[in-house]
2 protein chains.
Amino acid sequence: MRMNEGVEWAAHCCLMLDWLDAGRPVPTAKLAAAFEVPPAYLNKQLQALVRAGILTSTAGVRGGFQLARPLTKITMMDVVAAIEGPEEAFQCTEIRQRGPGVGTPERILRTPCAVNAAMRRAETQWRKALAAQTLADVSAAVTRKAPKVAEQTREWYETA
Amino acid sequence: MRMNEGVEWAAHCCLMLDWLDAGRPVPTAKLAAAFEVPPAYLNKQLQALVRAGILTSTAGVRGGFQLARPLTKITMMDVVAAIEGPEEAFQCTEIRQRGPGVGTPERILRTPCAVNAAMRRAETQWRKALAAQTLADVSAAVTRKAPKVAEQTREWYETA
DNA sequence: GTCGAATTACTCGGATATATAATGTCCGAGTCGGGCAGG
DNA sequence: CCTGCCCGACTCGGACATTATATATCCGAGTAATTCGAC
């Protein structure tokens with residue numbers, strides 16, 4: 001069970017877009033250069049963020065990606081869901097009711113699978129923790145340790 | 001990010017081993033028949049449970065698998081860790097420090113990655129929720145809805 | 001009848017294929033900006 | 001000098017390879033029960 005690498009990329013890209021505060025779209029190539037990741041593959045992840053409504057995309061010469069809303073309105077859960085999809089990590093296949101059954105199918109279907117319930121309980125905690133943290137919180141944590149990060153990022157962006 | 005199907009199998013097998021209360025090892029073939037899953041592949045998952053110290057295995061004619069300790073001493077976290085391995089789902093690759101850097105490497109290495117920290121916080125909640133639930137709890141939840149499950153399971157096992 | 005050793009069938013365990021998903025690449029459609037001609 | 005149109009380059013977007021992981025299978029090593037023979 002490994003999470004897609006794209007989640008990390010997506011989160012960092014959102015932060016960078018906020019720090020740049022470019023006022024205009026930032027192309028994939030710039031972001032890819034900043035993190036040394038394959039541009040085309042990063043583009044694919046950014047597309048997913050657009051579909052999720054986190055970013056907006058602009059085509060054409062000075063095109064690229066922009067934040068669709070402020071970081072305070074984007075949770076870690078939003079980012080993860082955008083890249084990983086909405087489905088749960090644990091997928092109950094109801095093996096309990098297969099085979100030379102224990103109990104009648106009817107009764108089994110009425111009661112939920114306890115293993116599944118336990119898994120969902122844990123996963124709900126995970127999702128709640130992710131939803132409780134906005135990208136603004138994360139950005140603030142970075143700024144606390146490295147106050148000049150936004151300024152330095154802008155500086156690099158304008159020179160490169 | 002999908003969890004291995006083997007986790008579901010492993011959890012249900014542990015429950016069944018407890019319900020059977022056979023007093024002797026139960027072979028893979030029986031468990032596989034009960035759930036209609038590929039025997040050889042199930043065997044692989046059970047091996048992982050043995051390596052994790054959740055089950056004990058016995059070779060030979062009347063061999064098979066047994067619980068190494070009571071269900072009260074086995075948490076959902078144990079089962080997940082046995083199948084999925086110990087590593088975290090989110091793996092920080094430190095992309096922030098790659099590329100035409102923002103800030104000096106030295107300073108960056110001193111401060112932890114805030115994105116990673118946020119992810120770990122969520123994942124810790126998940127792990128805590130899993131560790132808080134023992135298989136005994138899960139078994140109790142099943143028994144509450146279907147009190148005869150253990151009896152029926154034994155009955156099936158002895159006839160088949 | 002009892003004991004012991006060889007045999008045999010059964011089971012685990014890991015090495016080996018196959019299917020599926022994640023990662024990475026490529027090319028076309030669309031669009032914005034700039035250049036150029038005409039007024 | 002200003003305005004409108006055309007051209008071209010840039011960017012996104014999705015279709016297409018490639019690699020890694022999960023799923024599934026197979027066969028050998030080892031063991032315990034059973035059988036057979038000897039005492």
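Keep in mind it's a predicted model, so treat the numbers as computed, not measured. Scope of the values below: all heavy atoms of this structure, side chains included, with no hydrogens, waters or symmetry mates. Proteins come first, then strands; the chains are lettered A, B, ... in the order of their sequence lines, and each starts at number 1.
One distance of note links OG1 of B/Thr28 with CG of B/Leu42; it measures 6.0 Å at 0.5 Å rounding. Separation of atoms CE (B/Met1) and CE (A/Met3) is listed at 4.5 Å; rounding is to 0.5 Å.
For the pair B/Phe35 CZ and D/dA24 P, the computed distance is 16 Å after rounding to whole Å. Counting to the nearest Å, the P atom of D/dT31 and the CZ atom of B/Arg24 are 20 Å from each other. Look at CD on B/Gln66: it is 14 Å from C1' on C/dC12, rounded to the nearest Å. If you take OH of A/Tyr41 and C1' of D/dT19, they are 11 Å apart, rounded to a whole angstrom. Between B/Arg62 atom CZ and C/dC10 atom P the separation is 11 Å, expressed in whole Å. To the nearest angstrom, C1' of D/dT21 lies 16 Å from CE of B/Met1. In this structure, the CZ atom of B/Arg2 is 11 Å from the C1' atom of D/dT21, given to the nearest Å. In this structure, A/Leu42 places its CG atom 12 Å from P of C/dT25, rounding to the nearest Å.
A salt bridge links B/Asp78 and B/Arg69; the closest N-O separation between the charged side-chain nitrogens and carboxylate oxygens is under 4.0 Å. By the 4.0 Å N-to-carboxylate-O rule, B/Glu123 lies too far from B/Arg121 to be salt-bridged with it.
Residue A/Lys44 places a side-chain atom within donor-acceptor reach of the base of C/dG24, judged by atom type and a 3.5 Å distance cut-off alone.
Listed candidates were C/dG24, D/dC12, D/dA24. Nearest to the side chain of B/Trp9 is D/dA24. Closest contact between the side chain of A/Val61 and the listed nucleotides C/dG24, D/dA9, C/dC12 involves D/dA9.
Scanning residues 76-87 of chain B for heavy-atom distances under 4.0 Å to DNA chain D yields an empty list. Against DNA chain C, the stretch residues 49-58 of chain B makes heavy-atom approaches under 4.0 Å through B/Arg51, B/Ser57, B/Thr58.
Base engagement by A/Ala40 is indicated by at least one non-hydrogen atom pair under 4.0 Å involving a base atom. Residue B/Gly63 is classed as a sugar-phosphate contact, given heavy-atom separations below 4.0 Å to backbone atoms only.
Contact annotation: B/Gln47 does not reach the phosphate of C/dC12 (side-chain N/O to OP1 or OP2, under 4.0 Å). Between D/dT11 and A/Asn43, no contact under 4.0 Å exists linking OP1 or OP2 to a side-chain N or O.
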Apply side chain to side chain contact (heavy atoms under 4.5 Å, CB included) to the pair A/Val7 and B/Met119, showing each step before the final yes or no. CA-CA 10 Å; A/Val7 173; B/Met119 287 294 186; 3.3 Å; yes
One pair to check against side chain to side chain contact (heavy atoms under 4.5 Å, CB included): B/Ser57 and B/Leu46. What are the steps and the verdict? CA-CA 9 Å; B/Ser57 64; B/Leu46 297 176; over 6 Å; no
Please report the C-alpha distance between A/Tyr41 and A/Trp9 in whole Å, then the side-chain angles of each, then the deciding distance to 0.1 Å, and finally whether the ring pair (Phe, Tyr, Trp, His ring centres under 6.0 Å) criterion is met. CA-CA 10 Å; A/Tyr41 190 34; A/Trp9 300 3; 5.4 Å; yes
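Looking at A/Glu8 and B/Thr93, their side chains do bring a donor and an acceptor atom within 3.5 Å of each other.
When the salt bridge (charged side-chain N to carboxylate O under 4.0 Å, His left out) test is applied to A/Arg2, no partner is found at least two apart in sequence or on another chain.
Minimum interatomic distance between B/Ala129 and A/Gln125 (heavy atoms only, all atoms of both residues): CB-CG, 3.9 Å.
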